[in-house]
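Below is one structure, written out as structure tokens, with a few remarks after it.
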Amino acid sequence: MSPSQQPSSPNPTHLKIRFARRFLRALNNLNITKTSPDDDDDGENRVYRRSRRVKIAAYTAMASVVGSRRAWSRAVLWKVRNRSRNRSLLSVRPRRKRVDCKITNNDHDHAKVFVRRRNPNPKRDPFRDSGQVLKLRKLVPGAETMDSWCLMDETADYIKCLAAQVEVMKTLVDLYTTT
Amino acid sequence: MSSRRSRSRQSTTSSRISDDQINDLVSKLQQLLPEIRNRCSDKVSASKVLQETCNYIKSLHQEVDDLSERLSELLENTDSTQASIIRSLLTQ
């Protein structure tokens, strides 16, 4: 980790600029213009695949700006990396996401045991088994393996970054619509 | 990688976390939620904050989905030279 990295996102404007740069670079590489080679797909499938690629680019851009200092960004990057690895092995799309989930679930089981052992007094954790926490764990990437304190911290950072990314995307949509 | 180590150290101390720290985390989270940001923190329960957090993340995910679809449409229909000009302007 380089010393210039801050523990948390300090300046929202600065963050947005960095997200925008990364995202635009990724979009550039996607090359979603009319001349793309995968035009032989049927219409609906093609639209779906393209918007999915843009979506993945958005999350990846966000996570790679944050880098490895956050658990959620590590989880996103790991998932994306695994996705492209699986893709090179399987040329068809047999629900890749499910494979990813299986792996994380296994990790999750291990970590659960680990956390339980580490935390000698689980009653001190007021959010422990509440439904909201379980819901939150499904929404924040990599949250399956965190304890509640970590989860809250990661959630706060994730929300900040996600909101910034949404604004970046809105700005881009506006830019492309007006030109 | 040092962050991972410090994080696990952090969680070993989690059993010793005080009520103040709980409230601190909850109110920090509350500040990020537009729905309940301006409400007095005494009036909002922790579970309400968590519920709003879930809703907010879901709505942000939905927005990313919608915007991705919109962007991919726009990129497809934009003339490639025009698009690259915009990109180069923004990536300066």
Side-chain angles (χ1 to χ4, degrees), chain A residues 1 7 20-21 24-25 27-28 30 32-36 47 50-55 57-59 68-71 74 115 118-122 124-127 130 132-133 135-136 139-140 146-150 152-153 155-156 158-160 162-163 165-166 169-170 172-173 175-177 179, chain B residues 1-4 7-8 10-17 19 21-22 25-26 28-29 31-34 46-61 63-80 82-92:
Chain A
M1 205 199 264
R21 275 193 192 153
L24 281 164
R25 216 183 302 153
L27 285 182
N28 228 359
L30 282 186
I32 314 181
T33 45
K34 278 179 179 161
T35 48
S36 297
V47 170
R50 287 190 171 176
S51 63
R52 207 180 140 72
R53 275 159 70 194
V54 173
K55 187 174 125 184
Y59 283 113
S68 63
R69 68 203 137 105
R70 282 285 171 184
R74 287 198 297 270
V115 169
R118 261 195 329 219
N119 190 349
N121 191 0
R124 287 286 298 134
D125 191 336
F127 308 118
S130 88
Q132 260 95 34
V133 170
K135 257 194 242 164
L136 199 57
L139 290 169
V140 180
M146 295 171 200
D147 63 42
S148 300
W149 314 114
C150 221
M152 304 280 275
D153 193 34
T155 304
Y158 184 57
I159 288 179
K160 256 187 246 169
L162 204 54
Q165 178 66 30
V166 165
M169 291 174 86
K170 273 185 189 158
L172 273 180
V173 167
L175 263 172
Y176 278 114
T177 330
T179 42
Chain B
M1 287 304 101
S2 63
S3 69
R4 193 170 298 174
R7 209 165 293 287
S8 59
Q10 215 173 54
S11 45
T12 43
T13 58
S14 66
S15 56
R16 267 175 277 137
I17 207 154
D19 287 347
Q21 279 170 297
I22 299 170
L25 275 168
V26 171
K28 211 168 117 189
L29 214 49
Q31 291 306 308
L32 296 166
L33 306 169
S47 81
K48 173 78 182 160
V49 172
L50 286 176
Q51 197 194 330
E52 283 300 326
T53 309
C54 288
N55 292 342
Y56 188 47
I57 294 179
K58 266 185 215 156
S59 73
L60 286 172
H61 281 164
E63 268 192 279
V64 172
D65 281 7
D66 295 345
L67 287 164
S68 300
E69 209 180 310
R70 186 94 186 83
L71 264 178
S72 71
E73 269 168 33
L74 286 166
L75 285 170
E76 195 179 3
N77 297 324
T78 315
D79 167 40
S80 60
Q82 191 192 356
S84 64
I85 291 169
I86 295 177
R87 283 182 206 139
S88 66
L89 272 173
L90 283 161
T91 43
Q92 290 285 299

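Every chain is numbered from 1, with letters handed out A, B, ... down the list of sequences.
Rounding to the nearest 0.5 Å places CG of B/Leu60 at 8.5 Å from OH of A/Tyr158. The distance from atom CG of B/Asp66 to atom NZ of A/Lys170, rounded to the nearest 0.5 Å, is 10.5 Å. With rounding to the nearest 0.5 Å, the separation of CG in A/Leu162 from CG in B/Leu32 is 11.5 Å.
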**Request:** Check the pair A/Lys135 / B/Lys58 against side-chain contact (heavy atoms from CB on, under 4.5 Å), numbers first and verdict last.
**Result:** CA-CA 10 Å; A/Lys135 257 194 242 164; B/Lys58 266 185 215 156; 4.2 Å; yes

**Request:** Please test B/Leu33 against A/Ile159 for side-chain contact (heavy atoms from CB on, under 4.5 Å), starting from the C-alpha separation and ending with a verdict.
**Result:** CA-CA 9 Å; B/Leu33 306 169; A/Ile159 288 179; 4.1 Å; yes

**Prompt:** Would B/Arg70 and A/Thr177 satisfy side-chain contact (heavy atoms from CB on, under 4.5 Å), going step by step from the backbone distance to the final call?
**Reply:** CA-CA 10 Å; B/Arg70 186 94 186 83; A/Thr177 330; 3.9 Å; yes

**Request:** May I have the step-by-step check of side-chain contact (heavy atoms from CB on, under 4.5 Å) for A/Leu136 and B/Ile57, ending in yes or no?
**Result:** CA-CA 9 Å; A/Leu136 199 57; B/Ile57 294 179; 3.9 Å; yes

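Closest of all the heavy-atom pairs between B/Leu25 and A/Asp153 is CD2-N, 4.4 Å. Here the closest non-hydrogen pair linking A/Leu139 and B/His61 is O-CE1, 3.4 Å. Heavy atoms only, all atoms of each residue included: B/Ser68 and A/Ser51 are closest at CB-O, 3.4 Å. Shortest non-hydrogen contact noted between A/Ala58 and B/Val64 is CB-CG1, 4.5 Å.
Only the side chain of B/Leu29 comes within contact range of chain A, with heavy atoms under 4.5 Å apart.
No side-chain heavy atom of B/Val49 sits under 4.5 Å from any side-chain heavy atom of A/Gln132.
Counting non-hydrogen atoms of neighbouring residues, nucleotides and ligands closer than 6.0 angstrom, the NZ atom of B/Lys28 reaches no more than 12 such neighbours.
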